[in-house]
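Let me begin by presenting the structure, written as C-alpha cells, before commenting on it.
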Amino acid sequence: MQISMVRYAAFRLIEASLEPKPGVETLLHILQLACKTGLSLSEASNNAGAGSVLTSAARFEEMLRAMQSSEDTQQGPMASAVLMYLCSRMEVAWNEGNHTLAEFMSKKIADDSQRLALLTAPVKKYIALKFHNIGRSLLNDDSKHAPDAVGWLQRGFALLDKLPDDDSGSGISEVKVTIFLACDLCVGLRLVDAVSPDVDAADFGLVVLPTAQVNKLSNKPATARAYFITESYDRAEAVLDELIPVVEATGNKANPQYQELRWLRLTVLKRRKASESTLLDAFKAIVDHTGWSEANLTDILQELRALATHSTLVAQVHKHCIRRAVKQKEGEPDFTDRLALSIIFHCSKDDNHSRALRILDEVFTLLSETDVDFSRASVTACLTLLWQTGGRYYKAKKWTQAADWFLVGTHSFFKKNAPSCTAKCFRKAALCYIEQREYAKASTIIRHCPMDEAATQYIVFLTAFHQGLEDEAIRAIKDIQAAPDFDRRMLLLATQISHRSELKRVLLVVLEGLLKTLKLGSNGEIVVEAMALLRCIIKLILGLLVDPLANRGALIDTLVSHFRTAKILALSALEQKAVSLIQKDISWLWRTAYNCAVQGCSEWEGCGEQISELFDMARILLDTCWKSSPLDIDKESCVYLVNSIFAAVTGRVFSAREMISATGRIDDQHLRKIIEDIGESKTAIREVLSKHASDDDKGDRGEYILHVLRVFEMEFLIQLKDWERVSAVIKEVVKSGPMAVGTYEAFADLLWVAADCPVQVLQECLEAILNASLEHESLSVERFARWLRAICTIILSRNSPEDRTKAVGYIEHAVSVIQEYDSAKEISDTYTHLLARYRLE
C-alpha cells in the first residue's frame, strides 16, 4: 500500500511538471508510468486512486494518438504504449468487478491488428498471459463460465499464434501449451455440463496449435476427461490409449500436464476394473516418468493403499519402484527404506498369510540383490514393524503365524544390515513355537543363535524345561549365568516357571543361581533376601533327599555348602549388629541344621564329616542367636548347644576311627586337627556350663560329655604317641571330680593295649585311678584289685627303695579295702600274691 502511494505521489509530481505540449518520448514515458501506477493502486484495492490515474492516462493516450510520427522507430513503441494502456484499463476494470468493461477493452486490444503487428514478442506474451489469467479465474469461480473463459483464452492464444515456438528461449511455447490446456479444461467442463460425449472442442471455436506436437494432442485430453466424468470409461480409455503414445513420444516426458494424463488413465482403468497386468503397466508409466520426490512418492503410495486388495499388483509396483529408486542419480533422495516400510505395512494387512510372506521374501531378496545399504534407523524401523505384526498375531494366540513374521527378520537382507537383530528374531520365533508346544521346531530354530548369549540360553532352558529334560534345563541355567549379557531377571522368570512344575532339581539350580547374583555386603535388604533364598533352597534339598533315587551324596554336600553360606551371613550380621533383621531365619536354620544332622546319624551312610559340619553349623548359628539376644540362652537351647558341640567332634572322631579301621593308618595332621577340635569343644562346653552352673542336671551332663571328650583326646594322643600330652591329660582329669574314675578306667584300657606306652605313663594313669577311686569312694573291687596288682608289679620290678616304700603304701590301701570289704576275695588274693612276692624279693 505504501509503495503504491509513493508511486502515486511521484506520478502526480511528474504530471504537474509536464510542458503544455510534451513530445512523443515524454508521452510514452508518462503513459507507461500512469499504467503502472494505476495497476499498483488497483492491486492495493485503491480503486478510486487507480481510476483517477487512468483518467489522466486516457488524456495522454489521446494526445499520443493525435501525434503522427514520421519515424518508423517510433511506431512500435507508440503501439506498445497504447495497447499496454488498454491492457491496464482491462485489468483494473476486472479487479473492480466491471467484467463488461474488461471484456470490451480485451476485444479492443484483440481487434487492433495494426498495432498488434507492431508489438514485440515479450509484449505479446505479457498481454497473452493477462488474458490467460482472467480466463483461468473464470474457471476457478464456476465451471458454467467455461464459454466465457474460452473467449479470453482464444484472444490470448491469438496473440501468440504467429510467433515461433523457439523464439530464443522466450518461453512462447510454454505459454501456448498453458493456454491450450486451459482451453482443454474448458471444453472438458462444458462437455460434462452438456452430458454429451459427442460434442467436440470445435463447438467452442478452440484453435488448433500450429506446432506438430500440439497438433497431435488436439482436443483429446478434454474429451478423455469428459468421458471419464460422464462415466463413459471405455470411451475415455480409448481416447487415452490413442493419446498416451503421442505423449510418450514427446521429448518432455516429465511434463506435469502429461503426468496428469497418466494418472487419469490409471483412474479410468481402476473404474473400469481392468486386469492387474493393465493396471501394472499404467503404474509403471507413472513411476518411470515421475520426478523422485517426497510428494510424488506419497501420491503413488496412497494410490497403492487404495488397492490393498490387489496384493500381487501392489507388490509388483513396489518392486518396480525399488528398481527405479536404486537407479537414481547421485544427489537425488533415496526412498528405498520408505518403500520397504510401505510393503511391510501392506503385507501386514493381507488376510492371505502365505501370500504376504511370499511377497516380503521377494521384496527383501530384490533389496539384497540390488546391494542397497539401509541406515541403522531404517533397518530398525523395518524390523520394528515386522515385530509389531508378529506381536499382534502372538497376542491373538496365532503362534505359527507370529513365528513366520518374526522369521522374516532373519532374511539375508537383515543379516547383512543388522546382524545383531537376527538372533533376536530367531528367539522370538522359538518362543512362538514353544507356546504352540512344537518344542522340536523351537529347538531347531534356536540353534541358529549364538550359544554364548544369555537370551539364547534362556530359550534353550524353556525348550528343555517344557520337555521335562532336567539335565539340559540345568545346563542352560548354568550357561545363562556364564554368559556376558546375563540378566538376573531371567533367573527370576525361570524361578516362576520352575516353581509351577515338579522339576525340583531345576528349581534348585535356579534358586542357587539367584543366590549367587546377590552382592552380599552391608545392605540389610540383600541379606534378608539371601536368607529367604537359603531357606527355600534348604527346604528343596530336604525334599529331594526323600527320593530314594536321588543322588544323596551330592545333595548332602550341597546342603552343607548352603549352611556354610548361612553361617557366613549370620556372622557378618552379628558383626554389623544387624541380626535382628534375620533373627527368625537364623533360628529356623540352626534348628534345621541340628535336625538334619540327627537324622543323618541314622540314615546317611559314609557322611560323617558332613554330619559333623552340620552340627557345627547348628552350634554357630545358635551361638549367634545367643550373642545377639539381650536375654540369656534358655535351658533347652543350652542342651542343644552342648549337644551340637559334642556331636560335631564325636562325628569326626568316628570318621577317623573308620578310616583307621579301613586303611590301618591315618594322616597325623588330620589327627592333630581333631585333637585341636576336641580342645576347642571342651573350652566351649565349659563356657556354656559356667553360665548355667546352678542347673545340676545340665552340669552333670556337661561334665560327662567333657570326660568323653577327654577319652577321645587320649585315644588320638596315644595314636600319635604323644606321651607328654597324654600325661597332661591324665593330670587334667585328676581335678575333674568324681566322674573321673570312669574316665581313668577308659584311659587305663587304652594305655594297657598300647604296646609302645611307656611304663611310667601307665603307672601314672593307674595311680590316678586308684587315688580317684579311694578319694571319691567310687570303688569297683574287681577293677581295684587288678589295677593294684598291676601297679605293685610295675613298682617292684624297678626294685628301688622308693618303689618298695610306695608298694608298702599301696598294700596298706589294700588292707583297708579288705577290712571294709571283708568278702572281697579278689583283693585278698591280690594281697596274698603281692605279700609272697615282696617276701621273695
Side-chain heavy-atom pair His318, Leu301 within 4.5 angstrom cut-off: yes

At what distance, to the nearest 0.5 angstrom, does NE2 of His411 lie from OG1 of Thr365? 3.0 Å

Indicate yes or no: does Lys682 engage Glu713 in a salt bridge with an N to O separation below 4.0 Å. yes

Apply side chain to side chain donor-acceptor pair (under 3.5 Å) to Asp350 and Ser348, showing your working. CA-CA 6 Å; Asp350 195 348; Ser348 68; over 6 Å; no

If you draw a 6.0 Å radius around CZ in Arg686, do more than 12 non-hydrogen atoms from other residues or ligands fall strictly inside? yes

Side chains of Phe486 and Thr517, heavy atoms from C-beta outward: is any pair under 4.5 Å? yes

Determine yes or no for a side-chain-to-main-chain donor-acceptor pair under 3.5 angstrom, with Thr624 supplying the side chain and Ile620 the backbone. yes

Intermediate values then yes/no, salt bridge (charged side-chain N to carboxylate O under 4.0 Å, His left out), Arg657 and Glu715: CA-CA 10 Å; Arg657 287 176 178 176; Glu715 178 182 352; 2.6 Å; yes

Filter on salt bridge (Lys or Arg N to Asp or Glu O under 4.0 Å), then keep only pairs touching residues 474-485, sequence neighbours left out; what's left? none

Would you say Tyr439 has more than 12 foreign heavy atoms packed within less than 6.0 Å of its OH? yes

Would you call Glu362-Arg355 a salt bridge at under 4.0 Å N-O? no

Fit a plane to each ring of Trp405 and His353, take the angle between them on a 0 to 90° scale, and name the class: parallel (under 30°), tilted (30 to 60°) or perpendicular (over 60°). tilted

Got a second to check how far Asp616's CG is from Ile611's CD1, nearest 0.5 Å? 12.5 Å

Rounded to the nearest 0.5 Å, what separates atom NZ in Lys424 from atom CZ in Phe406? 10.0 Å

Check Asp547 with Lys504, please: is the shortest side-chain N to carboxylate O separation under 4.0 Å? no

In terms of relative ring orientation, are Tyr594 and Trp590 parallel, tilted or perpendicular, with 30° and 60° separating the classes? perpendicular

Check against salt bridge (charged side-chain N to carboxylate O under 4.0 Å, His left out), Arg564 and Glu613: CA-CA 9 Å; Arg564 288 194 200 109; Glu613 192 166 359; 2.5 Å; yes

I want to check something: taking the side chain as every heavy atom from C-beta on, are Glu453 and Arg427 in contact at a cut-off of under 4.5 Å? yes

Report the relative orientation of the aromatic rings in Phe413 and Phe374; use parallel for angles under 30°, tilted for 30 to 60°, perpendicular for over 60°. perpendicular

